[in-house]
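Following: one structure in structure tokens, then a few remarks.
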Amino acid sequence: MNSARLDRAIDRDTVRRAIELATRAPSIHNTQPWRWLLGERSVHLYADLKRWLPATDADGRDLLLSCGAALHHLRIALAAAGVGAAVHRLPNPGEPDHLAALELSPGRTRDADLRMASAIAIRRTDRRAYQDWPVPEPYLAELTAAAAAQGATLRVITEDRPRNQVLHAIHEAATAQPATPGYDLELALWSARDASPDGVPAANLPTRPSAAVPAARRFRPGELADRGGAPDRSTLLVLGTASDDRLCQLRAGEALSAVLLLATASGLATCPLSQPLEVGHTRRYLRDQVLGGTLCPQVILRLGWAPSRPALPATPRRRAEGVIEPLSR
Ligand SMILES: Cc1cc2nc3c(=O)[nH]c(=O)nc-3n(C[C@H](O)[C@H](O)[C@H](O)COP(=O)(O)O)c2cc1C
């Protein structure tokens with residue numbers, strides 16, 4: 001890159017708008033556990049531990065995955081706006097909440113960035129039962145490649161035996177987790193919330209715990225009609241990483257975002273499922289039985305074709321003023 005391009009100013013409003021778009025990222029119970037510091041030519045992502053769910057997410061995995069998803073959303077939003085970003089992950093060992101520092105420079109927009117950026121606004125977590133059209137193999141191959149490009153592995157669960165094992169882990173976690181003190185309270189506090197800038201709104205939750213989607217976390221009942229008890233035909237995917245440290249969890253969040261955005265751009269519905277990863281014995285079961293001990297599972301995904309109606313509303317987000325601060329150092 002020549003020095004004239006490097007010297008070109010970075011427009012702060014453009015970067016601010018990119019951060020606002022990044023806050024559309026999915027997060028555990030829509031907690032939006034992030035803070036952004038905006039400098040002249042840099043953006044810093046911090047975890048907001050006040051929004052951590054200690055009973056649900058004792059390891060902090062969901063929090064890191066959520067922040068990783070927001071980081072990838074930001075990289076896409078910046079790239080689509082013609083801003084390049086060199087990303088330094090976990091840049092300061094003395095400050096563990098500082099998850100990423102992005103050094104900004106003038107960049108070039110590629111068509112693929114525009115396609116992914118336009119998926120940000122229309123992506124939704126869809127908890128309904130999916131229809132029985134198969135997801136074409138080339139789509140699955142593209143999603144697998146998208147995860148690999150972010151340093152993670154996406155396993156498509158095709159055979160009956162591992163599918164039943166994943167469903168068993170999901171069921172087992174859903175049965176065991178309510179015994180964790182504080183878990184039910186966190187779920188109640190963050191679900192079926194209306195007129196709130198965070199939490200999962202009633203409009204995005206099924207009217208009753210669905211027998212059709214045995215995989216579903218038991219949120220408070222909402223207002224979303226399901227497919228009248230028709231069985232769920234989703235494809236199950238497990239996203240994993242080589243090890244289970246914080247860097248891998250952050251990168252798994254980036255991969256989760258890449259997979260969700262690409263799936264959305266292809267017209268597919270998605271729903272992350274993290275409950276079996278939050279419970280120690282089901283997480284180890286997934287690792288050893290489903291992934292053959294070769295990969296650390298980070299999150300499960302349901303993927304497929306949702307009913308076209310009703311269209312799901314967007315879940316709310318906190319106002320930019322509450323999450324973006326100027327960098328004062
Ligand atoms: C790490 C992570 C774990 C999640 N786990 C679940 C889950 O177990 N069940 C579920 O229905 N949704 C889950 N979600 C989806 C969130 O509830 C959803 O992203 C949030 O409510 C915002 O809604 P949106 O994705 O439609 O924007 C998870 C999301 C993330 C990022």
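By the 30° and 60° cut-offs, the orientation of the rings of Tyr46 relative to His98 is parallel.
Looking at every heavy atom in both residues, Val279 comes nearest to Ala173 through CG2-CB, 4.0 Å. The nearest pair of heavy atoms linking Val87 to Ala100 is CG1-CB, 4.4 Å. The shortest heavy-atom contact between Arg24 and Ala314 is NH2-CB, 3.6 Å. Taking all atoms of both residues into account, the shortest heavy-atom contact from Leu247 to Arg89 is CD1-CB, 3.7 Å. Between Ala242 and Cys296, the shortest heavy-atom distance links the atoms O-SG, 3.9 Å. For the pair Pro297 and Arg287, the tightest heavy-atom approach, listed with the atom from each and the gap, is CD-CB, 3.7 Å.
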Original post:
Checking side-chain contact (heavy atoms from CB on, under 4.5 Å) for the pair Asp244/Gln249: CA distance, chi angles, key distance, verdict?
Top reply: CA-CA 7 Å; Asp244 198 19; Gln249 292 169 357; 3.1 Å; yes
**OP:** Show your reasoning for whether salt bridge (Lys or Arg N to Asp or Glu O under 4.0 Å) applies to Arg41 and Glu103.
**Re:** CA-CA 6 Å; Arg41 299 178 79 93; Glu103 279 180 78; over 6 Å; no
**OP:** Just do the side-chain contact (heavy atoms from CB on, under 4.5 Å) check on Gln275 and Tyr183 with the steps written out, would you?
**Re:** CA-CA 11 Å; Gln275 221 174 352; Tyr183 171 79; 3.1 Å; yes
**OP:** Start with the C-alpha gap between Trp133 and Trp305, add the side-chain angles, then the distance that decides, and say whether side-chain contact (heavy atoms from CB on, under 4.5 Å) holds.
**Re:** CA-CA 7 Å; Trp133 309 317; Trp305 307 102; 3.5 Å; yes
**OP:** Could you check Arg302 against Leu273 for side-chain contact (heavy atoms from CB on, under 4.5 Å), going step by step and ending with a plain yes or no?
**Re:** CA-CA 7 Å; Arg302 243 174 15 95; Leu273 298 170; 4.2 Å; yes
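At least one donor-acceptor pair closer than 3.5 Å links the side chain of Asn204 to the backbone N or O of Pro313. A donor-acceptor pair is defined here as one N or O able to donate and one able to accept, closer than 3.5 Å; such a pair exists between the side chain of Glu186 and the backbone of Thr56. The backbone N or O of Thr241 lies less than 3.5 Å from no partner atom in the side chain of Thr153, so there is not a single donor-acceptor pair. Looking only at distances, a side-chain donor or acceptor of Arg124 sits under 3.5 Å from a matching main-chain atom of Leu312. Judged purely by atom type and a 3.5 angstrom limit, Thr282 uses its side chain to pair as donor or acceptor with the backbone of Pro276. A donor-acceptor pair is defined here as one N or O able to donate and one able to accept, closer than 3.5 Å; such a pair exists between the side chain of Ser27 and the backbone of Gln32. A donor-acceptor distance shorter than 3.5 angstrom exists from the side chain of Asp232 to the backbone of Tyr130, with no hydrogens or angles considered.
Within the model, atoms CG of Leu143 and OG1 of Thr235 stand 10.0 Å from one another, a figure rounded to the nearest 0.5 Å. To the nearest 0.5 Å, atom CZ of residue Arg51 and atom CZ of residue Arg35 are 12.0 Å apart. Remark: Cys67 SG to Ile28 CD1 distance equals 12.0 Å, nearest 0.5 Å. The CG atom of Leu167 sits 10.5 Å away from the NE2 atom of His171 when rounded to the nearest 0.5 Å. Considering CZ of Arg246 and CG of Leu63, their distance stands at 8.5 Å, rounded to 0.5 Å. Between atom CD1 of residue Ile19 and atom CZ of residue Arg12 there is a gap of 9.0 Å, rounded to the nearest 0.5 Å.
Screening Arg193, Arg318, His29 for a side chain to side chain donor-acceptor pair (under 3.5 Å) involving Asp198 leaves a single residue, Arg193. Exactly one of Asp245, Leu99, Asp57 qualifies for a side-chain contact (heavy atoms from CB on, under 4.5 Å) with Leu64. That residue is Leu99. Put simply, the residue from Leu237, Val290, Ile300, Leu295 that forms a side-chain contact (heavy atoms from CB on, under 4.5 Å) with Arg155 is Leu295.
Cluster membership check: Leu286 shares its hydrophobic cluster with Leu236, using side-chain heavy-atom separations under 4.5 Å among Ile, Leu, Val, Met, Phe, Trp and Tyr. When the side chains of ILVMFWY residues are joined at heavy-atom separations under 4.5 Å, either directly or via intervening members, Leu268 and Leu239 end up in a single hydrophobic cluster. Note on Val166 and Tyr285: separate hydrophobic clusters, where clusters join Ile, Leu, Val, Met, Phe, Trp and Tyr whose side-chain heavy atoms are under 4.5 Å apart, directly or indirectly. Criterion: ILVMFWY side-chain heavy atoms under 4.5 Å apart, direct or through other members. Under it, Leu187 and Trp52 are not part of a common hydrophobic cluster. Hydrophobic clustering, with ILVMFWY side chains joined whenever heavy atoms are under 4.5 angstrom apart, groups Ile10 together with Ile324.
For the pair Ile120 and Leu261, the minimum side-chain heavy-atom distance is below 4.5 Å. Residues Thr207 and Leu224 form no side-chain contact, since every pair of their non-hydrogen atoms from C-beta on lies 4.5 Å or further apart. A 4.5 Å side-chain heavy-atom check between Ser42 and Leu327 finds at least one atom pair inside the cut-off. Side-chain atoms of Trp190 and Val200, non-hydrogen and from C-beta on, never get closer than 4.5 Å to each other. Considering only heavy atoms from C-beta on, Thr31 comes within 4.5 Å of Leu53 through its side chain. Arg128 has its side chain out of reach of Ser234: every pair of non-hydrogen atoms, C-beta onward, lies at least 4.5 Å apart. Residues Val43 and Leu74 meet the side-chain proximity criterion, which asks for heavy atoms closer than 4.5 Å. With a 4.5 Å cut-off on side-chain heavy atoms, Thr125 and Thr270 do not count as touching.
Arg217 and Ser274 are linked by a side-chain donor-acceptor pair at a separation below 3.5 angstrom, with hydrogens and angles left out of the test. Gln289 and His168 share no side-chain donor-acceptor pair at under 3.5 Å. A donor-acceptor contact closer than 3.5 angstrom links the side chains of Arg61 and Gln298. A side-chain N or O of Asn30 and one of Arg317 form a donor-acceptor pair less than 3.5 Å apart.
The pair Glu20-Arg319 does not meet the salt-bridge criterion, since no charged nitrogen lies less than 4.0 angstrom from a carboxylate oxygen. Glu278 has no carboxylate O lying under 4.0 Å from a charged side-chain N of Arg283, or vice versa, which leaves the two without a salt bridge. At a threshold of 4.0 Å, the pair Lys50-Asp48 counts as salt-bridged, since one of the basic side-chain nitrogens sits closer than that to a carboxylate oxygen. A salt bridge links Asp113 to Arg110: one of the charged nitrogens lies within less than 4.0 Å of a carboxylate oxygen.
The number of heavy atoms from other shown groups lying within 6.0 Å of CG (Asp13) is above 12.
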